Undergrad: 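My questions will all concern the structure given below.
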Amino acid sequence: MSSTNDQIAGLFDDMATLLQMKGDSIFKVRAYQRAARTVEQLPMSLEKAVREGEDLKAIPGIGDAISKKIQEMVTTGRVDTYERLKSELPRGSLTFMNIPGVGPKTAVLIARETGAGTVEELERAILQGRLADVPRMGEKTAQNILRHVRRMRSKKSRVPIGDALPMAEEVISQLHQACPGLDRVSPAGSLRRSKETVGDIDIMGTSDDPDAVMDALVGLPQVREVLGHGSKKSSVVVQSGLQIDLRMVDADSWGAMLQYFTGSQQHSILLRDYANQRGLSLNEYGISDLESGALEKQADEEGFYRRLGLPLIPPEIREGMWELDLAREGRLPRLVEIGDLRGDLHVHSNWTDGADSLEAMVQAAAAAGLEYVAITDRSPGRGTSAGLSSKDLLDQVRTLASLGERCGIRVLTGCEVEILPDGSLDHPEDVLQQLDIVVASIHSALGQSPAEMTRRIVKAMADPTVDIVGHPTCRMVGSRESEGLDVEALFAAAAATGTAMEINGNPNRLDLKDSHIQRAVDLGVPLAIGSDARCIADLAHTRFGVAMARRGWCEAGHVLNTLPAPDLLAYLGTPKPHRRSLLAGRG
DNA sequence: GCCGTTTTCGGCCCGACTGTTTTCAGTCG
């Protein structure tokens with residue numbers, strides 16, 4: 001029997017809900033919710049941790065009872081308490097919790113009183129007027145539920161950051177154009193924390209004339225529906241189906257507001273608890289003294305944390321894990337920034353499946369201020385997309401010789417070589433040896449078992465010519481997860497052989513993902529942030545790679561392409577097992 | 001159910017909004 005961390009997190013979320021439906025202690029409910037959030041983000045597999053007898057109680061928010069339930073889930077595939085709780089409540093209760101505005105109390109009430117077990121049955125009950133008759137309901141509530149059920153159907157669930165961030169940036173730029181009085185403005189919520197997908201877009205701003213900004217938002221051409229239009233908060237749905245919430249706040253509370261609406265909720269709970277212990281109380285306007293009740297407004301976020309005796313905690317790690325403990329001890333890492341990247345180590349051209357020429361890509365990389373760029377076109381592979389034969393690759397190497405000088409950037413010759421199903425590489429060793437850098441990746445035979453995949457990648461890492469494993473887990477955001485792949489084994493091999501793992505910035509991949517990056521950092525695995533660009537515009541995808549790296553607590557010193565060009569070349573010129581010391585200790 | 005520079009017991013984040021209420025429960029972020 002096996003259970004993934006996500007399944008265990010889902011179980012704890014459901015348990016929290018069921019306990020709440022039963023009217024159990026809200027603190028017990030919150031304990032399960034916290035455990036769910038923690039498990040979801042854990043950098044290592046709980047199943048493996050249980051098998052190896054590790055102490056789960058060292059994990060924040062996991063104590064005696066929950067640790068036993070994790071063991072039960074991993075060893076038997078089910079948790080008795082959960083099954084029992086579920087059987088005590090009416091069918092449909094958990095389902096109705098997915099309807100916005102319907103919480104545990106309402107979900108049980110409508111399941112019990114209407115007898116509905118599915119959303120379709122509930123919809124029929126509402127149309128027949130059977131919900132409005134239920135005590136504590138009413139016509140208005142019934143119609144609201146109906147509206148939400150119908151909107152739920154047309155709304156897509158979560159949107160990748162690669163779509164959401166540009167959309168938010170466009171809206172912000174449109175608002176600036178329309179409203180000269182718009183002063184501060186920033187994304188908040190999960191978008192500001194750079195989660196790989198977001199449920200909606202939160203934007204906050206300050207202005208002398210907030211109404212004008214709100215009017216501008218609801219009047220934007222891409223707005224499909226206006227859900228709310230006030231002077232403090234407005235909500236719209238844009239063409240793509242994504243919801244955008246805009247809040248206009250007073251400038252003197254900007255810091256407290258931004259902190260509050262950035263979350264995460266778990267981070268807020270821990271921070272407020274921390275403040276309470278120091279005689280302070282936090283809300284979205286500022287910080288008040290518990291005794292006197294006097295409120296100090298906070299105009300900027302740094303001051304907000306400083307008032308609590310803490311350094312500014314970067315939004316990307318505000319997830320209620322270890323960030324508060326480390327902040328208190330002054331041991332927060334200095335997370336890698338986009339400006340730390342000196343080059344891009346994964347770029348394609350129209351010699352294979354890219355859209356732009358070698359020269360155009362190199363020029364664009366130079367214009368972006370990079371010191372170096374590696375051209376890494378695909379090998380023939382077994383797939384349909386045309387890769388470069390070994391002969392064409394060597395032609396490309398000769399073509400590149402003069403290009404860098406003309407464009408004012410160091411050009412590294414390279415390739416993205418396919419790791420064949422047996423773990424061998426798709427170019428002969430003597431060809432690969434002539435390149436500055438080799439990225440080895442998998443695009444074919446994805447149907448192999450996770451164990452075969454693991455062996456295949458580990459074998460490729462043993463090859464002395466392989467510098468980086470590209471998109472190492474072959475995941476695709478929202479559609480294909482790397483379940484079963486032995487990431488621990490990959491990282492162990494990477495550390496042992498001195499092979500770097502890529503953080504692929506293509507927003508459809510984001511591979512490694514945040515929790516894997518965190519684990520890689522812990523294990524001292526070298527990392528490389530690459531755009532995997534296929535056209536000039538894609539070069540900017542490194543910013544998504546950096547965002548994921550930051551969520552993975554990654555510092556500049558962990559990342560290969562923060563090295564200046566001469567240091568990187570010296571690194572690549574050193575035999576793999578001896579490279580580690582050249583990167584370690586930086587940043 | 002978790003947790004401890006006041007504690008192994010007694011605490012546990014905070015405010016806004018909504019609808020159905022005669023003073024508040026439920027939901028959300």
Side-chain angles (χ1 to χ4, degrees), chain A residues 12 15-21 23-38 56-70 81 85 96-110 131-145 147-148 188-193 198-202 204 227-228 230 232-233 235 243 245 247 249 253 256-288 290 293 295 308-309 318 320 324-325 328-329:
Chain A
F12 288 155
M15 283 202 56
T17 304
L18 292 169
L19 289 168
Q20 219 170 343
M21 289 171 171
D24 213 320
S25 153
I26 187 64
F27 302 110
K28 196 162 157 181
V29 170
R30 283 217 278 261
Y32 276 103
Q33 283 168 340
R34 181 178 183 206
R37 298 288 76 72
T38 304
L56 302 178
K57 284 185 282 189
I59 302 166
I62 310 253
D64 209 34
I66 291 186
S67 133
K68 286 211 173 73
K69 289 192 177 60
I70 293 173
T81 321
L85 273 172
F96 299 151
M97 281 289 293
N98 297 322
I99 306 169
V102 175
K105 293 287 189 290
T106 313
V108 174
L109 184 69
I110 60 187
L131 186 62
D133 293 341
V134 170
R136 301 198 58 81
M137 287 286 113
E139 191 51 36
K140 200 150 188 178
T141 307
Q143 287 311 312
N144 275 341
I145 291 176
R147 209 179 67 234
H148 280 124
S190 49
L191 184 60
R192 182 159 181 253
R193 301 200 314 277
V198 302
D200 54 24
I201 291 178
D202 290 310
M204 298 183 37
L227 302 177
K232 288 193 182 315
K233 182 186 170 187
S235 297
Q243 182 173 330
D245 293 342
R247 282 192 174 74
V249 308
S253 286
M257 284 280 179
L258 185 59
Q259 198 286 327
Y260 173 68
F261 284 110
T262 297
S264 67
Q265 192 163 20
Q266 290 304 322
H267 178 80
S268 292
I269 289 173
L270 293 182
L271 196 66
R272 286 169 178 217
D273 185 41
Y274 170 84
N276 286 349
Q277 287 167 23
R278 277 148 193 79
L280 300 170
S281 171
L282 309 183
N283 63 26
E284 55 265 57
Y285 305 103
I287 300 177
S288 44
L290 277 174
L295 174 75
L308 298 173
R318 294 182 198 167
L324 187 54
D325 293 332
R328 289 163 65 169
E329 298 163 11

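Proteins get letters first, then strands, A, B, ... in listed order; numbering begins at 1 in each. The structure displayed is predicted, hence computed values, not measured ones.
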Undergrad: I'd like to know whether CZ of A/R147 has more than 12 heavy-atom contacts from other residues, nucleotides or ligands below 6.0 angstrom.
TA: yes
Undergrad: Between B/dT23 and B/dT18, how far apart are the two C1' atoms, rounded to whole Å?
TA: 15 Å
Undergrad: What's the shortest heavy-atom distance between A/I62 and A/A35, and which atoms?
TA: CD1-CB, 4.4 Å
Undergrad: Rounding to an integer number of Å, can you tell me how far A/R278 CZ sits from B/dT5 P?
TA: 9 Å
Undergrad: Need the pair for B/dT8. Rule: Watson-Crick or G-U wobble, both distances under 3.5 Å, any strand; none if unpaired.
TA: none
Undergrad: So what does A/Q265 hit on the nucleic acid, given a heavy-atom distance under 4.0 Å: a base, only sugar-phosphate, or nothing?
TA: base
Undergrad: For A/Y260 and B/dA16, what is the distance between atoms OH and P respectively, to the nearest whole Å?
TA: 9 Å
Undergrad: Under a 4.5 Å cut-off applied to non-hydrogen side-chain atoms, are A/T81 and A/M15 in contact?
TA: yes
Undergrad: Do the side-chain N or O atoms of A/N276 get closer than 4.0 angstrom to the phosphate oxygens (OP1, OP2) of B/dG11?
TA: no
Undergrad: Quick one: A/R318 CZ to B/dG29 C1', roughly how many Å, whole number?
TA: 15 Å
Undergrad: Could you measure between the two C1' atoms, the one in B/dG11 and the one in B/dT21, and give it in whole Å?
TA: 32 Å
Undergrad: Nearest whole angstrom, please: distance from the C1' of B/dC2 to the CG of A/D273.
TA: 11 Å
Undergrad: Over all strands shown, is A/V102 touching base, sugar-phosphate only, or nothing at heavy-atom distances under 4.0 angstrom?
TA: sugar-phosphate
Undergrad: Could you give the distance separating B/dA16 and B/dC3 at their C1' atoms, to the nearest angstrom?
TA: 30 Å
Undergrad: What nucleic acid atoms does A/S268 come within less than 4.0 Å of, heavy atoms only: base, sugar-phosphate, or nothing?
TA: nothing
Undergrad: Pick the nucleotide of DNA chain B nearest each of A/A142 and A/D202; which residue has the one closer to the 5' end?
TA: A/A142
Undergrad: A/L271 near the nucleic acid: base, sugar-phosphate alone, or nothing, with a heavy-atom cut-off under 4.0 Å?
TA: nothing
Undergrad: Within 45° of the ring axis of A/Y274 and under 6.0 Å from its six-membered ring centre, is that where the NZ or CZ of A/R328 lies?
TA: no
Undergrad: P atom, B/dT8 versus B/dG4: distance in rounded Å?
TA: 13 Å
Undergrad: Where do N or O atoms of nucleotides 17-19 of chain B meet protein N or O atoms at under 3.5 Å, pair by pair?
TA:
residue: B/dG19; atom: OP1; partner: A/N144; partner atom: ND2; Å: 3.0
residue: B/dG19; atom: O3'; partner: A/T141; partner atom: OG1; Å: 3.0

Undergrad: Dump every N/O contact between nucleotides 7-10 of chain B and the protein below 3.5 Å, one line per pair.
TA:
none

Undergrad: I'd like the C1' distance from B/dT7 over to B/dC12, given in whole Å.
TA: 13 Å
Undergrad: Between A/K28 and A/L290, just flag the one whose closest nucleotide in DNA chain B comes earlier from the 5' side.
TA: A/K28
Undergrad: What are the two closest heavy atoms between A/G103 and A/M97, and how far apart are they?
TA: C-SD, 3.3 Å
Undergrad: Could you please name the option among B/dT27, B/dG29, B/dG1 that lies closest to any side-chain atom of A/P104?
TA: B/dT27
Undergrad: Would you please test A/T106 and A/I99 for side-chain contact (heavy atoms from CB on, under 4.5 Å) and show each step?
TA: CA-CA 10 Å; A/T106 313; A/I99 306 169; over 6 Å; no
Undergrad: Show the nearest heavy-atom pair for residues A/A36 and A/F12, with the distance to one decimal.
TA: CB-CB, 3.9 Å
Undergrad: Kindly point out which of B/dC12, B/dG1, B/dG15 is positioned nearest to the side chain of A/Y285?
TA: B/dG15
Undergrad: Taking all non-hydrogen atoms of both residues into account, name the closest pair between A/L258 and A/M204 and its distance.
TA: N-CE, 3.6 Å
Undergrad: Name all residues meeting the side-chain contact (heavy atoms from CB on, under 4.5 Å) criterion together with A/D64; count only those two or more places apart in sequence or in a different chain, and write none if there are none.
TA: A/K57, A/K68
Undergrad: Which nucleotide in the set B/dC14, B/dG1, B/dG29 lies at the smallest distance from any side-chain heavy atom of A/I66?
TA: B/dG1
Undergrad: Quick one: do A/Q33 and A/Q20 satisfy side-chain contact (heavy atoms from CB on, under 4.5 Å)? Show the steps, please.
TA: CA-CA 11 Å; A/Q33 283 168 340; A/Q20 219 170 343; 4.2 Å; yes
Undergrad: Identify which nucleotide among B/dT27, B/dC2, B/dG29 has an atom closest to any side-chain atom of A/A65, counting heavy atoms from C-beta outward.
TA: B/dC2
Undergrad: With A/L191 as reference, evaluate A/T262, A/I201, A/D202 under the side-chain contact (heavy atoms from CB on, under 4.5 Å) test and give the passing residue.
TA: A/I201
Undergrad: Find the distance A/M21:CE to B/dG26:P and express it as a whole number of Å.
TA: 13 Å
Undergrad: How is A/L282 classified with respect to the nucleic acid when contacts are heavy atoms under 4.0 Å: base, sugar-phosphate, or nothing?
TA: sugar-phosphate
Undergrad: Return no unless some side-chain N or O of A/R272 is found under 4.0 Å from OP1 or OP2 of B/dC12.
TA: no
Undergrad: Please state how far atom CZ in A/R30 lies from atom P in B/dC28, giving the value in whole angstrom units.
TA: 15 Å
Undergrad: Looking at every strand, decide which applies to A/R34 at a 4.0 Å heavy-atom threshold: base, sugar-phosphate, or nothing.
TA: nothing
Undergrad: Rounded to the Å, how far apart are A/L324 CG and B/dC3 C1'?
TA: 14 Å
Undergrad: Reckon A/D64 touches a base, only the sugar-phosphate, or nothing at all at heavy-atom distances under 4.0 Å?
TA: sugar-phosphate
Undergrad: Return the minimal non-hydrogen interatomic distance between A/N283 and A/A256, and the atom names on each side.
TA: O-CB, 4.0 Å
Undergrad: Taking the side chain of A/F27 as its heavy atoms from C-beta onward, which of B/dC13, B/dC2, B/dG15 lies nearest to it?
TA: B/dC13
Undergrad: Can you check the A/Q266 CD to B/dC13 P distance for me, whole Å?
TA: 10 Å
Undergrad: Between B/dT20 and B/dT27, how far is it from one C1' atom to the other, in whole Å?
TA: 14 Å
Undergrad: Given the C1' atoms of B/dC13 and B/dG29, what is the spacing between them in whole Å?
TA: 12 Å
